[in-house]
Peer 1: 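Encoded as structure tokens, here's the structure I'll be asking about.
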2 protein chains.
Amino acid sequence: MKSLSIKDIAVKANVSITTVSFIINGKAKEKSISEAVIEKVKKIIEESGYKPNQIARSLRTGNSNIIGLIIEDISNSFFSRIARLIEDKAYKRGYKIIYSSTENNIDKAKELINMFKSRKVDAYIISPIKGIEEDIQMLLDDGNPVILFDRNLPDINTSYVGADHFNASYQSIQNFIDQGKKNIALVTTDINVEQIIERYDGYKKALEDNGIKYDDNLVLKIHFNQDESDTIAQIKELFENKKIDAVLFVTNYLAISGLKALKQIDKKVGDDFAVIAYDDHEAFELHTPRISAIQQPLEEIAETIIKLILSRLSSKGKLPAEEVIIPTRLVLRD
Amino acid sequence: MKSLSIKDIAVKANVSITTVSFIINGKAKEKSISEAVIEKVKKIIEESGYKPNQIARSLRTGNSNIIGLIIEDISNSFFSRIARLIEDKAYKRGYKIIYSSTENNIDKAKELINMFKSRKVDAYIISPIKGIEEDIQMLLDDGNPVILFDRNLPDINTSYVGADHFNASYQSIQNFIDQGKKNIALVTTDINVEQIIERYDGYKKALEDNGIKYDDNLVLKIHFNQDESDTIAQIKELFENKKIDAVLFVTNYLAISGLKALKQIDKKVGDDFAVIAYDDHEAFELHTPRISAIQQPLEEIAETIIKLILSRLSSKGKLPAEEVIIPTRLVLRD
DNA sequence: CAGGTATGCTAAAACGTTTTAGTCTGTCAA
DNA sequence: TTGACAGACTAAAACGTTTTAGCATACCTG
């Protein structure tokens, strides 16, 4: 069964295709189509269930009402929640979102950008990785709105929305120190990405400002794509062999692995072993004792991203790049 | 900067558009284009970075190499993990996935189907809700491959992939009974959806088969979209006012709310109060004590879905509907 | 009553592909 | 010498829209 085209509607209504098109696009008034014709055509469209072919529309107009969202991994709750919020907000403004995960793989990221490009998405929201600067620059050169989020790319001059990773980290460490902790570990990853580096810098600076010597042995860098069992083993080793009284996990999945490790070596989180995780997670609230976490204001991040995108989409000229740094919230538990 | 078109390539290579098209689509041999020309054109394409406009392609061919995925909520980890797996597997076969959440809202679901339809996606993977049967039937009537998953729609004759919800539930209850439990509660939701009903039926049947009287007071139906605080309050009430020694939560987010409720009333999970959750969650492994869960084999579900889709996409004639019911795994912890 | 303007509508080009139905050479068999 | 056929390539239609430019007709204005 072939689906209806604008031509079928035009024939049925005994008017031209142009007229139908004007009516569909709300230009009937402006183009002085008579009330009678408008009514008639609308009625036929209604009854027949005709929906314009978006592909033809895109081909003609050059835009798709689709925003491409490129993230690290949709199965990570930080991203899936952000994605959901963005989708929701975009949807309300008539935009659809296509999303896809890079898995921190440069080639996949490049391919995704190409695929979005060839599908003519109207704008890009990207949580970038190092190595795709050129591709992003090309998008910008072609005049596409691009918003980076979560992690910035220093060489790229475009808008960015992200949490204040440095201060979040700094405050957490300061909090440990205020509690009298002296041997503070950091469990981080080896992906070379702005926001992870900032979290690391915050850790270092806080120690420094408090006159505590930075000790490389207390910093564990986990390889990104490794098996969780290996991660747990490495963390166990750290906790068993070093004198540690507090630890900051730089992502929530690392914290989860860390808590599993603690369980296995039967070490309890409590007064003499403090834990803070970056990015909250349901498990933390439920854990005994409850685990403190740095919350990123997802709602606000999503809202800001959408605002920036939409303003760029509606303005003719290029708007200057904006950097929005959103403060985090340290939720202390138990 | 306008992007290149096939015409630009044709001009550069001093051949016709047709020839370029043949080469791009691997039909050069078949259409007897000379080796020399093939080489020349390929080189130019390579150097210029030309990528065919997929929209024009879709308009002409009528297919998009895109599969639409409609789920309840991408921020729910069951769905986000399935989505990720499906995306991955589809990607390897040259298909892209567009996904969107219905939030159990019939209107949104219908809109999504329409939007996918007008974007000419090649196939649909849907975790459906009641009330969109007609729309799905229309897709089928138009000859589109449609695979339902997670929950079936009895009135629709198309392929379905899902876990064995009934038996999963039955086994959990049987397990409680084998441990000597007598007062077994069920915390479920009021969404009227196959897989929830099956889980409920399994609960009921297991009680019955073991000669335990079904007690409506031990079944709590939570309203789908309500605030978590209300959910927790209702669960607290159930646990405080009824004599209960075991409970099956019908989804993982209900289990999480339930565990929060238990914490608030300081009731411990243990020998005299057993808990099983449907769908595993990181929090369960970490909880003290660890919480038992019914695991759905996500990998297998995703793989089966993709297989069914691809076979339908490649076969000319309509393949008969297949129903694949995948056994779950009851993971008993602590 | 000429000329301007508003009203109501439409023909046809354009977007970038794929594909059908050729055209034009040259070779070879009869 | 003819004509059949293969080899190498191409013109143009088609996909379903949007939009520009323009055509009538009627009405007003000075």
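Because only heavy atoms are used, hydrogens play no part in the values below, and waters and symmetry mates are left out as well, while side chains stay in. Order of the sequence lines fixes the chain letters, A, B, ..., with proteins taken first and strands second; residue numbering starts at 1 for each chain.
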Peer 1: From C-beta outward on A:Ser21, which listed nucleotide comes closest to its side chain: C:dC9, D:dG16, D:dT18?
Peer 2: D:dT18
Peer 1: Under 4.0 Å between a Lys/Arg side-chain N and an Asp/Glu carboxylate O for A:Glu46 and A:Lys12?
Peer 2: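 Between A:Lys12 and A:Glu46 there is no salt bridge, as every charged N stays at least 4.0 Å from the carboxylate O atoms.
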Peer 1: Is A:Glu72 paired with A:Arg151 through a side-chain N to carboxylate O contact shorter than 4.0 Å?
Peer 2: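 Yes, A:Arg151 and A:Glu72 are salt-bridged.
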Peer 1: Using only side-chain N and O atoms of A:Thr19, determine if any of them is under 4.0 Å from OP1 or OP2 of C:dT10.
Peer 2: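 So the side chain of A:Thr19 is within the cut-off, an N or O lying under 4.0 Å from OP1 or OP2 of C:dT10.
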Peer 1: Side-chain N or O of A:Tyr50 less than 4.0 angstrom from OP1 or OP2 on D:dG16?
Peer 2: no
Peer 1: Whole angstroms only, please: what is the NZ-C1' distance between B:Lys29 and D:dG7?
Peer 2: 14 Å
Peer 1: Any side-chain N or O of A:Asn25 below 4.0 angstrom from OP1/OP2 of D:dT18?
Peer 2: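 A:Asn25 to D:dT18 OP1/OP2: side-chain N or O found under 4.0 Å.
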Peer 1: Let's see if you can work this out: which of C:dT18, D:dA8, D:dG16 has an atom nearest to the side-chain heavy atoms of A:Leu59?
Peer 2: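 That would be D:dG16.
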Peer 1: Could you state the atom-to-atom distance from CD1 of A:Ile6 to C1' of D:dT18 in whole Å?
Peer 2: 8 Å
Peer 1: Checking only heavy atoms, does the side chain of B:Thr18 share a donor-acceptor pair with the base of C:dT19 at less than 3.5 Å?
Peer 2: yes
Peer 1: Specify the residue among A:Ile24 and B:Lys31 whose closest nucleotide of DNA chain D lies further upstream toward the 5′ end.
Peer 2: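 Here B:Lys31 is the residue nearer the 5' end.
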Peer 1: Any chance the side chains of B:Gln195 and B:Asp150 put a donor and an acceptor closer than 3.5 Å?
Peer 2: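 Result is yes, a qualifying pair exists.
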Peer 1: Measure from CZ on A:Arg57 to C1' on C:dA14 and round the result to the nearest Å.
Peer 2: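 About 17 Å, once rounded to whole Å.
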Peer 1: Over how many whole Å does the gap from A:Ile17 atom CD1 to C:dA12 atom P extend?
Peer 2: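 These atoms are roughly 12 Å apart.
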Peer 1: So, OP1 or OP2 of D:dT10: does either fall under 4.0 Å of a side-chain N or O from B:Ser16?
Peer 2: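 For D:dT10, OP1/OP2 do have a side-chain N/O of B:Ser16 under 4.0 Å.
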Peer 1: Flag the pair A:Lys89 and A:Glu299 as a salt bridge only when some basic side-chain nitrogen lies within less than 4.0 angstrom of an acidic carboxylate oxygen.
Peer 2: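 Looking at A:Glu299 together with A:Lys89, the answer is yes, because their closest N to O distance falls below 4.0 Å.
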Peer 1: Using a strict threshold of under 4.0 Å (side-chain N to carboxylate O), is an ion pair present between A:Glu35 and A:Lys42?
Peer 2: no
Peer 1: Using whole Å, report how far CG of A:Leu4 lies from C1' of D:dT17.
Peer 2: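 A:Leu4 atom CG is separated from D:dT17 atom C1' by 15 Å.
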Peer 1: Does A:Arg60 contact D:dT18 through a side-chain donor or acceptor facing the base, at a distance under 3.5 Å?
Peer 2: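 Per atom types, the contact qualifies.
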Peer 1: Does B:Val37 or A:Lys7 map to a spot on DNA chain D nearer the 5' end, using the closest nucleotide for each?
Peer 2: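 By nearest-heavy-atom nucleotide position, the 5'-most residue is B:Val37.
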Peer 1: Between A:Asn65 and A:Gln54, do the side chains contain an N or O donor and an N or O acceptor separated by less than 3.5 Å?
Peer 2: no
Peer 1: Write down the distance between NZ (A:Lys120) and C1' (C:dT17), rounded to a whole number of angstrom.
Peer 2: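 Taking atom C1' of C:dT17 as the reference, NZ of A:Lys120 is at 12 Å.
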Peer 1: Indicate whether OP1 or OP2 belonging to C:dT19 is found under 4.0 Å from a side-chain N or O atom of B:Lys27.
Peer 2: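 For C:dT19, OP1/OP2 do have a side-chain N/O of B:Lys27 under 4.0 Å.
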Peer 1: Whole angstrom is fine here: how far is it from CZ in A:Phe22 over to C1' in C:dA12?
Peer 2: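 Result: 13 Å.
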Peer 1: Is any N or O donor-acceptor pair between the side chain of A:Ser32 and the base of C:dG8 shorter than 3.5 Å?
Peer 2: yes
Peer 1: What integer distance in Å separates A:Glu30:CD from C:dA6:P?
Peer 2: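 Going from A:Glu30 (CD) to C:dA6 (P), I get 15 Å.
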Peer 1: For D:dC15, does either OP1 or OP2 sit under 4.0 Å from a side-chain N or O belonging to B:Thr61?
Peer 2: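 Checking B:Thr61 against D:dC15: no side-chain N or O falls below 4.0 Å of OP1 or OP2.
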